[in-house]
Amino acid sequence: MANWPQPSVDMNKELEMCFACGQKNPIGLKLKFGWDGRVARAEFTPNKLHQGWVGVVHGGIISCLLDEAMSYAALFSGANSLTATMQTRFRRPLQIDEPLAVTASLTKKTRKLVEAKAEMSLRDGTVVADSTATMFVIGQKGNTKGE
């Protein structure tokens, strides 16, 4: 596959500065994902720093949470990946200070691609947004050479 992307990604880098999950990033979301063997899950409460319109969480933050969840589903399943395509459906505006959960799981995994789905919901189960993605596999977990 001559046109297959060959991204230069340092998978040995310290993840502490990742915007979504880095615990030392002063402006990051500081997400912590768990894994039950099938589903990646994190909880988050957006605040006024995450708003677009006054009192409403910015769609880019929502997309970031969904993307990170799908990336973690791939990672927990053994694949380091980069998002190639992502489609998100916003089902309702999300107000700031509303605690939420974001979950994701894989729907397909091949040697070169991973497909995943994610969902964001409120504590009462109301779905705020959902997403699907196709991700390039750039290496297996623990394999830093992208093979």
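FYI, side chains are in, hydrogens and waters are out, and symmetry mates aren't considered; it's all heavy atoms of this structure.
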Only pairs under 3.5 Å count here: list side-chain donor-acceptor contacts from residues 64-76, not counting sequence neighbours, and write none if there are none.
| residue | atom | partner | partner atom | Å |
| --- | --- | --- | --- | --- |
| Asp67 | OD1 | Thr83 | OG1 | 2.6 |
| Ser71 | OG | Asp67 | O | 3.2 |

The remaining residues in the hydrophobic cluster of Val54, counting side-chain heavy-atom contacts under 4.5 Å among Ile, Leu, Val, Met, Phe, Trp and Tyr, are none
For residues Val102 and Phe44, determine if any side-chain heavy atom of one lies less than 4.5 Å from a side-chain heavy atom of the other. no
Is any side-chain heavy atom of Lys109 less than 4.5 Å from a side-chain heavy atom of Val114? yes
Of all heavy-atom pairs between Thr110 and Val137, which one has the smallest distance, and what is that distance? O-CG2, 4.1 Å
For residues 31-46, which residue pairs pass the side-chain hydrogen bond (donor to acceptor under 3.5 Å, both in side chains) check, not counting sequence neighbours? Arg41-Glu43
Smallest heavy-atom separation, Phe136 atom then Ala84 atom, equals CE1-CB, 3.3 Å
Is there a donor-acceptor pair under 3.5 Å between the side chain of Gln23 and the backbone N or O of Leu31? yes
Quick check: is Leu106 connected to Val39 through a chain of hydrophobic side chains (ILVMFWY, heavy atoms under 4.5 Å apart)? no
side-chain contact (heavy atoms from CB on, under 4.5 Å) partners for Asp97, two or more places apart: Asn47
Non-hydrogen side-chain atoms of Leu100 and Met120 separated by less than 4.5 Å: yes
Go through the structure and list residues passing side-chain contact (heavy atoms from CB on, under 4.5 Å) with Glu98, not counting sequence neighbours. Arg92, Leu94, Gln95, Leu122
So, using salt bridge (Lys or Arg N to Asp or Glu O under 4.0 Å) as the criterion, who are the partners of Arg89 when residues are at least two apart? Asp130
Where do Phe19 and Asn25 come nearest, in terms of heavy atoms and distance? CA-ND2, 3.6 Å
Given Glu115, Gln87, Met86, the one that forms side-chain contact (heavy atoms from CB on, under 4.5 Å) with Thr132: Gln87
For residues 116-129, which residue pairs pass the side-chain hydrogen bond (donor to acceptor under 3.5 Å, both in side chains) check, not counting sequence neighbours? Asp124-Thr126
